[in-house]
Amino acid sequence: MSGLNLVSTTKTAIKRAAHLLRDGNLVAFPTETVYGLGADATSDQAVARIFEAKGRPQFNPLIVHVADLDAAQRIGTFDKKSLALAHHFWPGPLTLVVPRTKNCPASLLASAGLDTIAIRVPGHPVAQALLQTLGRPVAAPSANPSGQVSPTRAIHVAQGLGHKVAMILDGGPCKQGLESTIVRATDEGTYILRPGTITREQIADIAGPLLNMESTPKRPQSPGQLLKHYAPKHPIRLNATSVEDSEALLAFGPPCPGKPKTILNLSADKNLTEAAANLFAHLRTLDETDCTTIAVMPIPSEGLGEAINDRLKRAAEK
Ligand code: TXA
Ligand code: MG
């Protein structure tokens, strides 16, 4: 175990943590629910490092943490019900899924390419101090390797991910130990996407009657299941080794032969972290061009490549 980067939470430590985040590093920090594995949510590269560190075979959308409702409204658009829930439960163990703002500064990778974003204002004093000092949104899933249980003590983070994070802020044991309740309010009604310590009854008291995920055909995306994926308008052609004039090319490494209308490169020198960081933004940009198909060059299925290929396959399948 590497315990060297585990530090108690003095003001100096929080300043250093904010610096590390600003420079694109990962910092684990306590919240009232579980420890989060944080990255600057405005940086695609930094967010890509989260997936790399957790070893997730898929890009699940992440929760983006901010200091207060003002900061939340810069990245998400709040309808009446979401606003009422935010006023009532923030800061606290509630995550709200809302549409991204038009010029949302948060990485599309944090939203896994979706038009919505999951936002939470944590109440833990260390998380608050960090978010206020940094002044930027922080994407943070639970700070455990994929498939393991969420950490509720700094030592758990050190044991699972110690060598992969620049710093672990030790705020003692998490009081709640269960992840936040995730809620999505739409015009059709309000859904609980993930149960948590704030109960259904408490949510219904503020937002009105809840809809049942199982019995609603038009339900929104449910966590872990990823029912609906980012689907480009144009067809996707995978493993392209050459490209037609009418196509757009999503390259990886030196572009394959052909004269496509547009080329964007996931990573000119075949760096998978860089490719992950660029994936959703590049796909969207190419999808907006006037092409027949988006041709995508082959990407090796090792490390982050597995998650990239998973996502590309789903985008190609519609
Ligand atoms: O208590 C918590 O929520 C902790 C602390 C660190 O804040 N975080 C946490 O994050 O549990 P994570 O990544 O382990 O869980 C994020 C969940 C996933 O199940 C994901 O599917 C869902 O949030 N999610 C994120 N963005 C979403 C979106 N746009 N639509 C639907 N679900 C979303
Ligand atoms: Mg988790």
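Side-chain atoms are counted along with the backbone in the values below, which use heavy atoms only and exclude waters and symmetry mates. Just follow the structure's listing: the first ligand is 1, and inside any ligand the first atom is 1.
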Q: Please list, in number order, the atoms of ligand 1 under 4.0 Å from a heavy atom of Thr116.
A: 28 (C), 29 (N), 30 (N)

Q: For Ser142, state whether at least one heavy atom is located under 4.0 Å from any atom of ligand 1.
A: yes

Q: Can you check whether Phe59 reaches Ile308 side chain to side chain, under 4.5 Å on heavy atoms?
A: yes

Q: Before accepting this row, confirm whether a basic side-chain N of the pair Glu247/Lys261 lies closer than 4.0 Å to the acidic partner's carboxylate O.
A: no

Q: Indicate yes or no: at least one non-hydrogen side-chain atom of Leu161 is less than 4.5 angstrom from one of Pro145.
A: yes

Q: Considering distance alone, does some N or O of Ser180 sit under 3.5 Å from an N or O of ligand 1?
A: yes

Q: Does atom CG of Asn103 have more than 12 heavy-atom neighbours, drawn from other residues, nucleotides or ligands, at distances under 6.0 Å?
A: no

Q: Which part of Pro141 is near ligand 1, with near meaning a heavy atom under 4.0 Å away: side chain, backbone, both or neither?
A: both

Q: Say whether Arg194, considering both its backbone and side-chain N or O atoms, lies within less than 3.5 Å of an N or O atom on ligand 1.
A: yes

Q: At the 4.0 Å heavy-atom cut-off, does His65 count as touching ligand 1?
A: yes

Q: Below 4.0 Å from ligand 1: does a non-hydrogen atom of Asn60 turn up there or not?
A: no

Q: Under 4.5 Å between any side-chain heavy atoms of Val47 and Asp40, yes or no?
A: no

Q: List-wise, which protein N, O or S atoms are found short of 2.8 Å from the Mg ion (ligand 2)?
A: Ser142 OG

Q: Return a yes/no value for Lys54: is any of its N or O atoms, backbone included, closer than 3.5 angstrom to an N or O of ligand 1?
A: no

Q: Would you check if there is a donor-acceptor pair between the side chains of Ser150 and Glu179 at a distance under 3.5 Å?
A: yes

Q: When you measure from the side chain of Arg194 to the backbone N and O of Ser180, does any donor-acceptor pair fall under 3.5 Å?
A: yes

Q: Check whether any side-chain heavy atom of Val98 sits under 4.5 Å from a side-chain heavy atom of Thr77, and report yes or no.
A: no

Q: So that I can tick it off, tell me whether Arg120 and Glu32 are bridged by a salt bridge, with the cut-off set at under 4.0 angstrom between side-chain N and carboxylate O.
A: yes

Q: Would you mind listing which atoms of ligand 1 come within a distance below 4.0 Å of any non-hydrogen atom of Ile63?
A: 3 (O), 8 (N), 9 (C), 10 (O), 16 (C), 23 (O)

